Visitor: 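To start, I am sharing the structure in question, which I have written as structure tokens.
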Number of protein chains: 2
Amino acid sequence: MQTPLKIAVVGSGLVGSLLAIYLRKAGHTVHVFDRSPDIRTIQFSGRSINLAMSTRGWKAVDAVGIGQAIRDIAIPMDKRAIHVSDTLKFQPYGKEGESIYSISRGTLNRKMIDLAEAAGAEFFFEQRIWDVTLATATLHIGETERGEWKDLQYDMIFGADGAFSRIRHRMQRQSMFNYSQEFLNTGYKELNIPANPDGTHKLDKNSFHIWPRGEYMLIALPNLDGSFTCTLFMPFEGENSFASLPDIKSVEDFFAKNFPDSIDVIPKLAEDFFKNPTSTLVTMKCYPWTYEDKIALIGDACHAIVPFYGQGMNAGFEDITVLAEFMEKFGDDWLSVFQHYQDSRKPNADAIAELSWRNFMEMSSSVADEKFLLRKKIEKRFSERHPDKWLPLYSRVTFSDRPYSEALALGDRQKEIMDEIMTTPGIDSKWDSDEIENKTLSLLD
Amino acid sequence: MQTPLKIAVVGSGLVGSLLAIYLRKAGHTVHVFDRSPDIRTIQFSGRSINLAMSTRGWKAVDAVGIGQAIRDIAIPMDKRAIHVSDTLKFQPYGKEGESIYSISRGTLNRKMIDLAEAAGAEFFFEQRIWDVTLATATLHIGETERGEWKDLQYDMIFGADGAFSRIRHRMQRQSMFNYSQEFLNTGYKELNIPANPDGTHKLDKNSFHIWPRGEYMLIALPNLDGSFTCTLFMPFEGENSFASLPDIKSVEDFFAKNFPDSIDVIPKLAEDFFKNPTSTLVTMKCYPWTYEDKIALIGDACHAIVPFYGQGMNAGFEDITVLAEFMEKFGDDWLSVFQHYQDSRKPNADAIAELSWRNFMEMSSSVADEKFLLRKKIEKRFSERHPDKWLPLYSRVTFSDRPYSEALALGDRQKEIMDEIMTTPGIDSKWDSDEIENKTLSLLD
């Protein structure tokens with residue numbers, strides 16, 4: 001057991017709330033601060049992408065006994081539903097029984113704060129933290145950045161305050177702090193497919209719906225109330241871009257032309273399109289994540305990634321799993337807890353950032369490419385015949401808790417082998433032959 | 001001609017001072033701000049690396065008629081003097097008559113401020129700028145970050161305030177601002193070789209002296225007063241590192257063992273070693289560099305690089321050359337001036353950052369490698385026999401004003417060819433044969 005400390009968690013999002021539960025279970029006093037109002041009291045902004053909880057996420061919530069409470073608000077999706085022009089193709093995510101789970105961010109966040117309060121964490125909303133004194137773990141809070149501040153000192157502070165973390169902002173101004181933020185030229189916008197009058201879903205409920213169109217795409221994830229949260233990903237500028245859709249007519253024409261089967265199910269298309277903001281997508285990396293035994297960053301505050309692998313929340317929750325393992329191992333030696341936490345997580349955070357970015361590139365450029373589809377077919381055939389030898393990368397990331405860095409290395413190796421396979425003369429006709437299967441086997445050795 | 005504007009330049013370093021001269025020549029009112037005291041009134045801190053002015057730098061100063069004033073304080077170096085154990089090897093930098101020029105940073109900066117004042121720029125020292133309002137080009141200046149500020153509004157502000165720019169700091173908080181800072185695990189420390197009693201230099205005056213030792217190295221560049229400014233580059237941690245030299249004895253033993261011929265010429269070794277700070281090395285990249293027609297970053301403020309190609313100042317001065325070209329071309333259309341300036345410079349800033357980093361890696365890892373030395377010999381032989389076909393990368397960067405991005409592409413191509421050449425069986429014995437020369441020629445086609 002650890003000696004009880006007085007700990008501040010900055011950020012009442014998913015990672016901050018779950019971390020608060022873990023810290024309470026370890027016996028600490030926990031104060032959670034957020035600059036926003038209590039999400040339980042307000043309408044959630046129209047800028048969210050539904051979450052896809054997978055193995056790493058479930059592991060983290062199950063370990064503190066809140067898994068069932070979250071399963072109650074989650075919808076399993078066992079397949080992609082790919083909307084290509086007028087046809088619909090289903091593509092299972094994994095083996096029989098393997099699903100990812102759609103959860104509305106707002107619903108989950110409200111539930112997590114309830115659970116953290118029940119565990120004894122205290123929440124302080126609309127508290128604007130402008131700065132932190134790292135050496136003394138002191139928060140500086142006030143109405144405005146230039147106005148009067150009050151100072152609150154803790155034994156330790158966790159920065160769970162997201163990609164634009166104020167806690168990290170102070171750490172960035174230390175020497176030897178490595179940092180990068182890179183925005184995609186693609187943004188996103190939330191849209192909505194409402195429920196049928198009888199409360200049922202207008203599209204298959206247990207699917208992750210996707211309308212892949214190369215540079216842009218539409219996705220839809222189911223909600224409990226029968227609706228779907230849709231997200232349109234599209235470049236900011238260019239031929240098919242947010243800039244190219246300045247008015248109601250252009251939006252309606254664009255959807256009619258490119259997503260014809262969405263027209264009937266998104267009734268408030270133009271209204272939502274112009275009401276909801278166009279949000280940006282950023283990859284943020286930094287190091288170190290901790291300052292002595294006083295400050296630690298966690299979740300998006302130290303590794304914000306693009307959402308194209310559905311792993312942002314899962315990676316943040318896994319931070320907590322790993323942190324808790326080292327709390328268990330090193331007890332009151334928080335210096336060692338923090339050092340091992342950041343050393344262990346940093347390469348995995350970099351790996352899932354890379355994998356997520358590659359998925360974006362793949363979706364943007366390859367999805368309609370014949371050679372790409374052939375590769376996927378060859379991989380799938382081989383994987384089905386030799387499941388022990390070829391676990392698809394997606395499964396490794398999504399349905400296992402092996403380190404992301406292993407998945408990245410595995411993916412690189414599989415790519416090398418497939419590059420070689422694809423150079424085989426006549427591959428188009430003999431892709432499903434014994435010859436190709438045997439060549440793959442020999443390349444794997 | 002442009003309509004005269006009231007322009008603030010933040011930073012009175014080399015780039016800020018030269019930019020002030022250019023803006024004065026274009027008819028603008030120019031106020032230069034710096035948080036430090038006037039460098040002309042103080043001892044310069046012991047943390048500088050001497051500058052190596054080359055073609056791009058000279059072009060920028062010659063264009064405003066101050067080249068001669070700077071040549072007067074510069075010492076040509078036409079070769080490297082490589083101190084390997086007890087022998088000394090000389091390696092010319094370029095063709096006959098080509099030199100780079102050693103200038104003390106302090107001496108040059110004082111001269112540049114004098115010249116800028118003579119051109120009519122006004123300097124305001126010890127003015128701490130804490131923030132900037134981008135949309136109105138307003139500087140916020142005060143004693144402390146949290147204290148009272150005065151606001152100064154300009155038509156336009158240039159941020160020439162270095163790698164830790166306050167102007168950029170505000171831009172970083174804009175959405176869609178890409179940014180990275182990455183520190184090397186290697187730091188540096190200034191040391192000094194004083195003049196002989198008669199004012200002559202203790203080592204060859206017209207050489208860039210270098211003691212390459214793999215992970216660490218010592219360099220010495222001549223000053224006008226007969227001294228040399230030395231810089232020790234070394235990892236912070238590890239076997240041969242700053243951390244491994246905690247006391248006078250360990251420093252003296254280390255130099256006696258690894259730089260034996262430096263002992264006699266660095267009399268105050270231990271004193272300087274512990275008096276002078278150990279400085280960090282950072283590569284910083286960002287984009288965009290400008291905000292509307294109000295704000296522009298320039299020099300290290302938008303592209304800080306590691307010093308291993310001797311191009312930091314030269315790249316900053318070239319920013320000014322290019323900016324001035326677009327001022328000439330677009331006149332009062334500052335939006336176009338800024339857009340073309342950043343579009344033109346960004347890929348070149350990225351290229352010299354990459355080249356500088358590669359030089360660090362090359363010096364750290366390859367300098368004692370036989371294969372590496374053989375490559376260099378083959379390249380040199382070919383370049384001498386076919387100067388029209390193979391301009392060494394160093395010359396392309398240092399003795400030309402062709403874009404850095406071209407040099408990087410050329411270097412990549414040359415590397416590919418040399419990789420191929422080095423796979424030739426028996427290359428060790430026939431490296432200077434006609435066969436290798438002809439193979440290189442055919443690979444070039």
Side-chain angles (χ1 to χ4, degrees), chain A residues 47 130-133 138 140-151 162-166 168-188 235-237 241-243 277-288 303-304 306 339 346 350 353 357, chain B residues 47 130-133 138 140-151 162-166 168-188 235-237 241-243 277-288 304 306 339 343 346 350 353 357:
Chain A
R47 61 194 309 153
W130 296 104
D131 203 354
V132 56
T133 301
T138 302
H140 305 292
I141 302 179
E143 280 297 305
T144 66
E145 182 159 19
R146 299 270 302 143
E148 208 164 302
W149 292 349
K150 66 180 177 196
D151 303 333
F164 302 101
S165 168
R166 271 277 156 173
R168 188 192 67 234
H169 193 255
R170 168 52 60 189
M171 290 173 70
Q172 272 169 248
R173 291 164 76 172
Q174 301 276 110
S175 190
M176 299 296 286
F177 191 85
N178 290 333
Y179 178 76
S180 71
Q181 62 184 40
E182 190 162 1
F183 287 83
L184 292 188
N185 292 321
T186 288
Y188 71 91
F236 290 106
E237 309 278 342
S241 70
F242 286 108
T278 306
S279 299
T280 58
L281 295 164
V282 68
T283 299
M284 192 283 303
K285 301 178 183 177
C286 67
Y287 197 83
H303 53 84
V306 294
Q339 196 60 51
K346 173 62 175 165
D350 287 347
W357 186 80
Chain B
R47 62 191 312 151
W130 295 105
D131 204 353
V132 58
T133 301
T138 302
H140 305 292
I141 303 179
E143 280 296 306
T144 66
E145 184 159 16
R146 298 271 300 141
E148 208 162 303
W149 291 349
K150 65 180 176 197
D151 303 333
F164 304 100
S165 168
R166 271 275 154 175
R168 187 191 68 234
H169 193 256
R170 168 53 57 190
M171 291 172 69
Q172 273 168 249
R173 291 164 76 173
Q174 301 277 110
S175 190
M176 299 295 287
F177 190 85
N178 290 333
Y179 178 76
S180 72
Q181 61 185 39
E182 190 162 1
F183 287 84
L184 292 188
N185 291 322
T186 289
Y188 70 91
F236 289 107
E237 309 277 343
S241 71
F242 286 110
T278 306
S279 300
T280 58
L281 295 164
V282 68
T283 299
M284 191 285 300
K285 300 177 184 177
C286 68
Y287 198 82
V306 294
Q339 197 59 50
D343 286 354
K346 173 64 174 164
D350 286 348
W357 185 81

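Each chain gets a letter, A, B and so on, in the order its sequence line appears, and its residues count up from 1. Side chains included, hydrogens not; waters and symmetry mates left out as well; all remaining heavy atoms used. Keep in mind the model is a prediction, meaning the values are calculated, not measured.
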Visitor: Is E148(B) atom CD crowded by more than 12 heavy atoms from other residues, nucleotides or ligands, each under 6.0 Å away?
Guide: no

Visitor: Indicate yes or no: at least one non-hydrogen side-chain atom of E182(A) is less than 4.5 angstrom from one of Y179(B).
Guide: no

Visitor: Quick one: are F183(B) and S175(A) in side-chain contact, heavy atoms under 4.5 Å?
Guide: yes

Visitor: For F236(A), which atoms come within 4.5 Å of any heavy atom of chain B: side chain, backbone, both, or neither?
Guide: side chain

Visitor: Residues in salt bridge (charged side-chain N to carboxylate O under 4.0 Å, His left out) with K285(B), at least two apart?
Guide: none

Visitor: Could you tell me which residues satisfy salt bridge (charged side-chain N to carboxylate O under 4.0 Å, His left out) with E145(B), sequence neighbours excluded, listed by chain and number?
Guide: R173(A), R166(B)

Visitor: Of the non-hydrogen atoms in L184(B) and M176(A), which two are nearest, and what is the gap between them?
Guide: O-CE, 3.4 Å

Visitor: Would you say CG of D343(B) has more than 12 non-hydrogen atoms from neighbouring residues, nucleotides or ligands within 6.0 angstrom?
Guide: yes

Visitor: Can you tell me if Q174(A) has over 12 outside heavy atoms packed within less than 6.0 Å of its CD?
Guide: yes

Visitor: Between the side chain of Q181(A) and the main-chain N/O of F177(B), is any donor-acceptor distance below 3.5 Å?
Guide: yes

Visitor: Could you check which of T280(A), L281(A), D131(A) has the highest count of heavy-atom pairs closer than 4.5 Å to chain B?
Guide: T280(A)

Visitor: Do the numbers put R146(A) on top of the ring of W149(B), so that NZ or CZ is under 6.0 Å from the six-membered ring centre and no more than 45° off the axis?
Guide: yes

